[in-house]
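Computed from heavy atoms alone, side chains included, the values below leave out hydrogens, waters and symmetry copies. In the text below, chain A, chain B and the rest are named by the order of the sequence lines, each starting its count at 1.
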Amino acid sequence: MSDNNKEVEVKEEDIFSQRLAKVQELEANDIKPFGEKFEGSSKIEDIRNSYKEDIEELQPAQVAGRLMAFRVMGKSIFADIKDSSGRIQLYANNKLLSADDFKLYKTLNVGDIVGIEGNLFITQKGELTIKVSNFKLLSKSMRPLPEKFHGLTDVQQRYRQRYLDLIMNDESKQVFQQRFAIIRELRKFLEAQDFLEVETPMLQPMSGGAAATPFETHYNALNCPMFMRIAPELYLKRLLVGGFEKVYELNRNFRNEGMSRRHNPEFTMVEIYQAYGDCQTMMELVEELVTTIAQNVFGTLKIKHSDEKTIDLTRPWRRVTYKEVIMEKAGSDWFELSLSDKIKKGKELGIHTDDKMTDIEISNEIYEKLIESTLIQPTFVTRLPEQLVPLAKKCEDDPSLVDVFELEINGQEIAPGYSELNDPIEQRKRFEEQVKRGDEGVDESGKIDEDFLTAMEHGMPPAGGMGIGIDRLIMMLTGAESIRDVVLFPQLRPKNQ
RNA sequence: GGGAUGAUAGCUCAGUCGGUAGAGCAUCGCCCUUUUAAGGCGGUGGUCCUGGGUUCGAGUCCCAGUCAUCCCA
């Protein structure tokens, strides 16, 4: 055949050039390599479910998807096609298709997107298969897919070219399907509880609501600096002042800090506020919320990560005070020790200490470095030192503590929750102390969010509030070891410069 | 910021003592009408991460750097 001779002469060097030649030849034959609308297809999953084995009549099927395997056996061709719901085998031969169509069908490649029509049958090996009577090329793939058996394993490439990871690795795709099912359930739950989803600024004139370094940018029209939000808290509280009683915001926060297995510079958080509630209200809410999601998405409260690690979400969850949990680790006399003894003992326990650390810092170092990662089963750690949490109400029986919890699951902080501070005089004092201490994330020029304080001075109802780290929640529920496995396009260093 | 490990064909990976760059898959050609990681035969395909150095000769040894993974701070 002259066509073949021509191709040999051209001697294409790589797959892309070969495909380019194929595309040009298709176009020359009036076949569109990048086709158009192809409607009326069923999901492969539905085709499988509705197939009836013991009936005589033909059972037609139409599918659209990507070719994942292509096995040519002379005059007979088996292929696998994959859509969002699954995979099914295709069978074609030179009798079912016209000579021209069969010739064209033979030129298809793994990776091409095609539309298929045909009747269902069962092969000798017992596999449900579509006998192709008609097909349409919907998109020619110009580049080869990764290796069919091993898939794409290179982690860097899986993150940089996530679409290949999603095509090749079903486990990876499943995690993201679960991610978005979890988020849908979360919204459904809050909706049913009469919470209103709101949107507040992500671009803020000053960053507040958390201790973290913000991303800074510049707004040309106003010629002033702007910050990507590190938390929506201070705006949501303004809404409490404004009379919204049950609100939540589910969106991205940005923190200009390091990346790790547990940190991405942008991450998703839901913050929930309920007027006239408190810390206790929030503990009950988050228990119910997480168990409902687990039950609805996974059908179980026992989340197995490995043979050694299963997280049991059965209520009620353990509640323990911050002091108790530290004493469990550092000894019941820990809080009676002098600062120098604490430093000494901290060193023995294996944390890094220095002489400038305060009592509270060294205790918190013990908590963060030695305790947090051991809290695998759901645990509410309550009653934290006031200095650690500038936006929460003090405990009535002990003004050195605040009425808050940190929910720890899977060794990570999943959700902090507070009885929100609504005393504007106290709030101003706390902000000023923060500035004086030079806390991380506090504006260096000592600027305080006066606008927020003014709002609170108009009267903010007592309220319970909490934030749930969605990425970590999803890691916990799906068993993912890295935040990069639950974020579709995680941050990486740009490849070329 | 420090340490360990890695980077070789589009993908998954070998590469011995420093001596002509390899396999499987993919791709192209031929054979093959029930295969399914199809099979058989033959081809195409390489900035061995980058830049230096040692050497007659470097994928391999040395130095510096880039990117990634894990651990530590």
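Between A:K369 and B:rA73 there is no side-chain N or O to OP1 or OP2 distance below 4.0 Å. For B:rU66, the OP1/OP2 oxygens have no side-chain nitrogen or oxygen of A:R493 closer than 4.0 Å. Remark: A:R71 is in phosphate contact with B:rA38, judged by side-chain N or O atoms under 4.0 Å from OP1 or OP2. Distances shorter than 4.0 Å separate some side-chain N or O of A:Q157 from OP1 or OP2 on B:rC11. Close to B:rU33, at under 4.0 Å from its OP1 or OP2, lies no side-chain N or O of A:K95. At the phosphate of B:rG10, neither OP1 nor OP2 sits under 4.0 Å from any side-chain N or O atom of A:R143. A sub-4.0 Å separation between OP1 or OP2 of B:rC11 and a side-chain N or O of A:H150 is absent. For the OP1/OP2 pair of B:rU12 and a distance below 4.0 Å, the side-chain nitrogens and oxygens of A:T153 include at least one atom meeting the criterion.
Residues passing the side chain to side chain contact (heavy atoms under 4.5 Å, CB included) test with A:V23, sequence neighbours excluded: A:E27, A:P33, A:F34, A:K140, A:M142. Listed by chain and residue number, A:Y105 satisfy the ring pair (Phe, Tyr, Trp, His ring centres under 6.0 Å) test with A:F70 (two or more places apart in sequence, or in another chain). Partners of A:R66 by side chain to side chain contact (heavy atoms under 4.5 Å, CB included), not counting sequence neighbours, listed by chain and number: A:M68, A:I113, A:L145, A:I167.
Picking from B:rU34, B:rC11, B:rU12 the nucleotide with the shortest atom distance to the side chain of A:D154 gives B:rU12. For A:M73, counting side-chain heavy atoms from C-beta on, the closest listed nucleotide (B:rA38, B:rU36, B:rC11) is B:rA38. When each of B:rC28, B:rA38, B:rU33 is scored by its nearest atom to the side-chain atoms of A:N109, the top-ranked nucleotide is B:rC28. Between B:rC11, B:rA38, B:rU35, one nucleotide has an atom nearer to the side chain of A:P146 than all others, and that is B:rC11. Checked against B:rU36, B:rA37, B:rC28, the side chain of A:K22 finds its nearest nucleotide in B:rC28. In the set B:rC25, B:rU35, B:rC70, B:rU35 carries the atom at the smallest distance from any side-chain atom of A:F78. Closest contact between the side chain of A:P144 and the listed nucleotides B:rA26, B:rU35, B:rU33 involves B:rA26.
Straight-line distance between the P atoms of B:rC13 and B:rC17: roughly 23 Å, to the nearest whole Å. Taking atom P on both B:rC48 and B:rG10, the two are 12 Å apart, rounded to the nearest angstrom. Comparing the same atom, C1', in B:rG43 and in B:rU54 gives a spacing of 39 Å after rounding to whole Å. For B:rU12 and B:rA73, the C1' atoms lie 36 Å apart once the distance is rounded to whole Å.
Pairing for B:rU66 goes to B:rA7, judged as Watson-Crick or G-U wobble with the two contacts each under 3.5 Å. B:rC41 is paired with B:rG29 under the criterion used here, namely a Watson-Crick or G-U wobble arrangement in which both key atom distances are under 3.5 Å. With a cut-off of 3.5 Å on both Watson-Crick or G-U wobble distances, the partner of B:rG18 is given as none. B:rU54: no Watson-Crick or G-U partner with both key distances under 3.5 Å is found in any strand. Figure legend. B:rU34 is base-paired to no nucleotide; pairs are counted as Watson-Crick or G-U wobble with both atom distances under 3.5 Å. In this structure, B:rA73 makes no Watson-Crick or G-U wobble pair, since no nucleotide meets both defining distances under 3.5 angstrom.
Among the heavy atoms of the strands lying under 4.0 Å from A:Y91 is at least one base atom, whether or not backbone atoms are also near. Using a 4.0 Å heavy-atom distance criterion, A:G111 is classed as making no nucleic acid contact. A:Q156 comes within 4.0 angstrom of the backbone, heavy atoms only, and of no base. No contact: A:F70 has no heavy atom under 4.0 Å from any strand. The residue A:V110 sits close only to the backbone: its heavy atoms come under 4.0 Å of sugar-phosphate atoms, none of a base.
Separating the CG atom of A:L145 from the C1' atom of B:rA37 is a distance of 15 Å, rounded to the nearest angstrom. Rounded to whole Å, atom C1' of B:rU36 lies 15 Å from atom NZ of A:K82.
Sorted by first and then second residue, the pairs that involve residues 127-139 of chain A and meet side chain to side chain donor-acceptor pair (under 3.5 Å), not counting sequence neighbours, are A:Q89-A:T129.
Listed in residue order, the members of residues 158-173 of chain A having a heavy atom less than 4.0 Å from RNA chain B are A:Y159, A:R160. Of the residues in residues 56-64 of chain A, not one comes within less than 4.0 Å of RNA chain B through any heavy atom.
Nearest-nucleotide assignment on RNA chain B puts the 5′-proximal partner with A:K106, out of A:T129 and A:K106. The residue among A:S482 and A:N94 whose nearest nucleotide of RNA chain B lies closer to the 5′ end is A:N94.
For the pair A:D165 and A:K173, the salt-bridge criterion is not met [side-chain N within less than 4.0 Å of a carboxylate O]. A salt bridge links A:K32 and A:E36; the closest N-O separation between the charged side-chain nitrogens and carboxylate oxygens is under 4.0 Å.
Counting atom types as modelled, A:S76 pairs no side-chain N or O with a base atom of B:rU34 as donor and acceptor under 3.5 Å. Applying the 3.5 Å distance criterion, the base of B:rU35 shares no donor-acceptor pair with the side chain of A:E127.
Between A:F215 and A:F254, the two ring planes are perpendicular [angle over 60°; tilted spans 30° to 60°]. Between A:Y322 and A:Y367, the two ring planes are tilted [angle within 30° to 60°].
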query = How far apart are the C-alpha atoms of A:S85 and A:D83, what are their side-chain angles, what is the distance that settles it, and do they pass the side chain to side chain donor-acceptor pair (under 3.5 Å) test?
reply = CA-CA 5 Å; A:S85 72; A:D83 73 3; 2.8 Å; yes
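Under the 3.5 Å distance criterion, with hydrogens and angles disregarded, a donor-acceptor pair is assigned to the side chains of A:Q156 and A:R160.
Of the inter-residue distances, the one linking A:H305 atom NE2 with A:T478 atom OG1 reads 7.0 Å to the nearest 0.5 angstrom.
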